[in-house]
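Read through the structure below, which is laid out as structure tokens, and then see the notes.
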Number of protein chains: 2
Amino acid sequence: MTAATPKGERRRHALVEAAVALLAEGGLEAVRHRAVADRAGLPLASTTYYFTSLDDLVAAAVEHEGRTEIAAGRARLDELADERRTVEDVVELLLDLLLGVDSRDGGTEPVLLRYERLVGSPRRPYLAPLMRELTGELKDLLDEILARSGMPVDREQLDELIALVDGTVVNALIESGPDPRSAARRTLRRRLG
Amino acid sequence: MTAATPKGERRRHALVEAAVALLAEGGLEAVRHRAVADRAGLPLASTTYYFTSLDDLVAAAVEHEGRTEIAAGRARLDELADERRTVEDVVELLLDLLLGVDSRDGGTEPVLLRYERLVGSPRRPYLAPLMRELTGELKDLLDEILARSGMPVDREQLDELIALVDGTVVNALIESGPDPRSAARRTLRRRLG
DNA sequence: GAATTTCTGGTACGGTCGTGCAGGAATCGG
DNA sequence: CCGATTCCTGCACGACCGTACCAGAAATTC
């Protein structure tokens, strides 16, 4: 299950990477044993060999992707820590973290996938605690970003800001010519600018 | 397909009712040919006879339920039109309309189902326009409620208020001891009170 | 009352899915 | 070199799924 040999480790990781790719393309539902195995160029049974269940595999993929993303966001923060930041820069960073960097030009799809995953989490017991943890880390990061950019917020204000963005996105997604990132950008600028 | 005889009409309607019940219990995914037929006490093939596809059936169920709900909300508005309304009354009415009346005591589940449906709509071409229409009517109703309750809002403020509630709910759903209605209530009271 | 349309419901087809399992392949200790 | 242990995988099973089909019953129309 947990891979004992280096080769096993590599294969296990290849499966996770494949699952991450599928996750980004088609959401939670796209992560299937057969699809992951095909994508990784490994036999079907390897998926059940390295992961006790499909849930395990999905959770590993979500965790891997979430941690990578948060690490990237933290790097962005450190990188820009000492430069002077315009409100626009901060807003874009927040948008990258809340909607995903793929929302910059990838159209509506990546944002939709992201919020499908968010709303789909409570129903999956194996995902719920993980999502809580990742969300917590994300909040810490957002808090730090705002503080270091001269717009400190308390806990309640941060929660409200996040809620405002999430709500704006969800509502923008069901419009006819959806552009959730632009909608969220307007909301954030009005609030922070 | 559209039922020509009175009996056909009745059966068709029975299928829609069954679909609505399944929708309320298990969401969009729970509306299956076999489940609907069983629930309605009708043979499997009746579902494909009265509805060209499963999408048709789901759309009919969503529309039926949405219109019923909006009509109920409008009735509530008319009923309370002339009484004096406390902010609390208005907030509860808004919560009923945005989260569903089932959120009053049904726990987290009905709210989760509602937002799963909302986020799941963009991906289903047959649902997207319908949801847009229902959302539009809901907004009109909310606007009227606020106006008649002495808290008029313009279009932008209303959108922001809705976004705030939706975002609060989505974020409350992934918490450990979720109580989305209470969270949304706090948000609304802070905003309206 | 015959013809035509509307409806009924049993059945089956082709597909995807998660997962269990027997046995083949690779590795390791001696 | 060989037996034992671990690692790996082809295959198939059973469960659902949407939907098509068709013989016949029932209702409606002429």
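Letters A, B, ... are given to chains in the order of the sequence lines, protein chains preceding strands, and every chain is numbered from 1. Just so it is clear, the values below take in all heavy atoms, side chains as well, and ignore hydrogens, waters and symmetry mates.
In the set D:dA12, D:dT19, D:dC8, the nucleotide with an atom closest to the side chain of B:Arg34 is D:dT19. Closest contact between the side chain of B:Ala45 and the listed nucleotides C:dG9, D:dG10, D:dG18 involves C:dG9. With distances taken from any side-chain atom of A:Arg11 to the nucleotides C:dG9, D:dC8, C:dT11, the minimum falls on D:dC8.
When side chains are defined from C-beta on, B:Leu54 does not count as touching B:Val36, because their heavy atoms never get closer than 4.5 Å.
Nearest-nucleotide mapping onto DNA chain C: of B:Leu44 and A:Leu54, the residue sitting toward the 5' end is B:Leu44.
Ion pairing of A:Glu160 with B:Arg191 is present here, as a side-chain N (NZ or NE/NH1/NH2) and a carboxylate O approach within less than 4.0 Å. In summary, A:Glu25 and A:Arg39 engage in a salt bridge, as defined by a charged side-chain N under 4.0 Å from a carboxylate O. Under a 4.0 Å N-O distance rule, the pair B:Asp78/B:Arg148 qualifies as a salt bridge. Under a 4.0 Å N-O distance rule, the pair A:Arg155/A:Asp159 qualifies as a salt bridge.
A:Arg32 has a side-chain polar atom (N or O) that falls below the 4.0 Å cut-off from OP1 or OP2 of C:dG18. Taking only side-chain nitrogens and oxygens, A:Tyr50 never comes nearer than 4.0 Å to OP1 or OP2 of D:dC7. In this model, the phosphate group of D:dC17 is not approached by any side-chain N or O of B:His33 to a distance below 4.0 Å at OP1 or OP2.
Taking atom CG of B:Leu57 as the reference point, atom P of D:dC17 lies 14 Å away to the nearest angstrom. At whole-Å resolution of the value, OH in A:Tyr49 and C1' in C:dG24 are 14 Å apart. One can place CG of A:Leu22 at 11 Å from P of C:dC17, the figure rounded to the nearest angstrom. Protein atom CZ of A:Phe51 is 18 Å distant from nucleotide atom P of C:dC17, rounded to whole Å. Taking atom CG on B:Leu15 and atom C1' on C:dT8, their separation rounds to 12 Å, with Å as the unit.
The residue B:Ser46 sits apart from the nucleic acid: no heavy atom pair falls under 4.0 Å. Within the nucleic acid shown, B:Leu42 has no heavy atom closer than 4.0 Å to any nucleic acid atom.
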